[in-house]
Amino acid sequence: MGYYYWDPTYILVVIGAVICMIASARVKGTFNKYSQLRSMSGMNGAQVAQRVLQAAGIYDVQVRHVSGSLTDHYDPRTKTVNLSDPVYNATSVAALGVAAHECGHAIQHAKSYAPLSIRSALVPIANFGSMLAWPVILIGLFFNTRSSGLIIDIGILLFSAAVLFQLVTLPVEFDASRRALVMLRTQGILADDELKYTRKVLKSAALTYVASAAAAILQLLRIILITNGRRRDD
């Protein structure tokens with residue numbers, strides 16, 4: 001037990017957690033800062049979402065209100081853009097950026113954007129992999145049998161699927177923000193001097209996905225180091 005308690009690879013987990021906490025604090029701070037800046041158009045998040053969807057020729061997606069803060073998301077299963085409390089009725093440049101971003105995902109869905117399709121296909125695999133990876137790896141580590149190496153490799157493969165999901169998410173999120181900024185500008189919803197603030201909000205939000213991907217990679221590296229160390233000991 002002492003080996004695992006003093007396992008130096010824990011530093012990788014700590015680094016990943018710190019990166020995620022910094023990214024989360026940054027996006028909350030940036031959103032809160034620009035939530036105080038009201039857009040000149042006076043439109044709220046729900047109105048902007050409807051405007052963007054119509055401009056993109058999308059009429060089968062509903063805009064809904066969901067509780068919570070920064071719980072905004074697009075659900076491709078129900079074709080709904082779901083906007084949180086600080087976005088749905090808010091008129092700030094931050095709120096309008098988030099609303100347009102979620103519509104960016106709806107546009108991706110309508111246009112069969114390949115990375116989004118891949119990410120959607122990976123969801124059940126990633127959930128399955130992240131749930132079972134460690135139990136499978138631990139079985140391989142603690143039960144010294146001829147098939148232990150194979151069991152460990154299966155566990156690593158399962159966790160790799162979760163890491164792949166995080167990596168595929170990056171182009172999906174960056175592209176949704178790009179589409180959002182284009183729509184906000186071309187539809188005259190935000191002026192150029194307002195767009196620079198919205199861009200900061202969306203950039204900080206995108207960095208949370210970068211942080212999650214980095215944390216997942218560090219976790220995968222830790223798993224590989226632990227299992228390789230065990231194999232050398234055997």
Side-chain angles (χ1 to χ4, degrees), residues 23-24 26-76 78-117 119-120 168-212:
S24 179
R26 179 173 178 178
V27 68
K28 289 178 181 178
T30 304
F31 182 84
N32 290 337
K33 178 180 179 179
Y34 294 111
S35 288
Q36 309 303 315
L37 185 59
R38 185 178 184 274
S39 69
M40 290 185 289
S41 69
M43 298 176 68
N44 62 33
Q47 291 170 333
V48 165
Q50 292 286 6
R51 174 83 165 268
V52 170
L53 291 172
Q54 291 174 6
I58 299 174
Y59 300 97
D60 59 346
V61 172
Q62 292 183 324
V63 179
R64 295 179 179 175
H65 172 262
V66 292
S67 60
S69 178
L70 297 181
T71 51
D72 311 86
H73 64 282
Y74 169 68
D75 190 337
T78 58
K79 287 193 172 184
T80 55
V81 169
N82 301 277
L83 304 179
S84 65
D85 294 326
V87 174
Y88 189 86
N89 286 315
T91 60
S92 69
V93 295
L96 304 195
V98 172
H101 172 89
E102 299 308 330
C103 290
H105 288 308
I107 296 172
Q108 290 173 336
H109 189 201
K111 294 182 177 295
S112 299
Y113 179 61
L116 179 65
S117 300
R119 186 178 74 166
S120 298
V168 173
T169 294
L170 296 180
V172 173
E173 295 300 327
F174 280 106
D175 180 75
S177 291
R178 181 190 64 80
R179 293 176 189 269
L181 292 169
V182 169
M183 279 295 190
L184 290 170
R185 183 179 65 255
T186 57
Q187 293 302 306
I189 298 170
L190 292 178
D192 288 340
D193 58 339
E194 294 177 306
L195 279 170
K196 65 182 180 182
Y197 302 123
T198 301
R199 187 176 289 107
K200 290 181 180 180
V201 173
L202 296 181
K203 182 179 180 181
S204 64
L207 289 178
T208 62
Y209 294 98
V210 174
S212 295

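Note that the numbering runs from 1 along the sequence shown for the chain. Please read these numbers as outputs of a predicted model, since none were measured by experiment.
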Enter the distance from [X]:[atom1] to [Y]:[atom2] here, rounded to the nearest 0.5 Å.
X: Arg178; Y: Met183; atom1: CZ; atom2: CE; result: 10.5 Å
X: Asp75; Y: Arg64; atom1: CG; atom2: CZ; result: 8.5 Å
X: Arg38; Y: Glu194; atom1: CZ; atom2: CD; result: 10.0 Å
X: Tyr74; Y: Ile107; atom1: OH; atom2: CD1; result: 10.5 Å
X: Lys200; Y: Arg26; atom1: NZ; atom2: CZ; result: 10.0 Å
X: Gln36; Y: Phe31; atom1: CD; atom2: CZ; result: 10.0 Å

Taking every non-hydrogen atom, the tightest pair across [X] and [Y]:
X: Ala106; Y: Val81; result: CB-CG2, 4.4 Å
X: Ala176; Y: His105; result: CB-CE1, 3.5 Å
X: Pro86; Y: Gly68; result: CD-O, 3.5 Å
X: Ser177; Y: His101; result: OG-ND1, 3.0 Å
X: Pro76; Y: His109; result: O-CE1, 3.5 Å
X: Leu83; Y: Ala99; result: CD2-CA, 3.9 Å

Decide yes or no on side chain to side chain contact (heavy atoms under 4.5 Å, CB included) for Val27 and Leu207, but give the supporting numbers first. CA-CA 8 Å; Val27 68; Leu207 289 178; over 6 Å; no
Taking side chain as C-beta onward, heavy atoms only, is Val66 less than 4.5 Å from Tyr88? no
Given side chains that start at C-beta, do those of Leu96 and Thr198 come closer than 4.5 Å, heavy atoms only? no
Quick check against the 3.5 Å criterion: does Thr71 have a side-chain atom that pairs as donor or acceptor with the backbone of Ser84? no
Checking the side chain of Thr208 only, and the main-chain atoms of Ser24 only, is there a donor and an acceptor separated by less than 3.5 Å? no
List the steps and the verdict of side chain to side chain contact (heavy atoms under 4.5 Å, CB included) for Leu184 and Arg199. CA-CA 11 Å; Leu184 290 170; Arg199 187 176 289 107; over 6 Å; no
Those residues that, when tested against Asp60, pass salt bridge (Lys or Arg N to Asp or Glu O under 4.0 Å) (two or more places apart): Lys79
Just jot down the ring-ring contact (aromatic ring centres under 6.0 Å, His included) partners of Tyr113, sequence neighbours excluded, or say none. none
Assess the residue pair His65 and Asp85 against the criterion (side chain to side chain contact (heavy atoms under 4.5 Å, CB included)); give the C-alpha distance rounded to whole Å, side-chain angles, the decisive distance to 0.1 Å, and a yes or no. CA-CA 7 Å; His65 172 262; Asp85 294 326; 2.6 Å; yes
When you look at Ser92 and Leu37, which way does the side chain to side chain contact (heavy atoms under 4.5 Å, CB included) test go after all the steps? CA-CA 5 Å; Ser92 69; Leu37 185 59; 5.6 Å; no
Please tabulate, for side-chain N and O atoms in residues 44-54, each donor-acceptor pair with protein atoms closer than 3.5 Å (sequence neighbours left out).
| unit_1 | atom_1 | unit_2 | atom_2 | d |
| --- | --- | --- | --- | --- |
| Asn44 | OD1 | Ala46 | N | 3.2 |
| Asn44 | OD1 | Gln47 | N | 2.8 |
| Gln47 | OE1 | Asn44 | N | 3.0 |
| Arg51 | NH2 | Gln187 | O | 2.8 |

Regarding Asp192 and Lys196, does a basic nitrogen lie under 4.0 Å from an acidic carboxylate oxygen? no
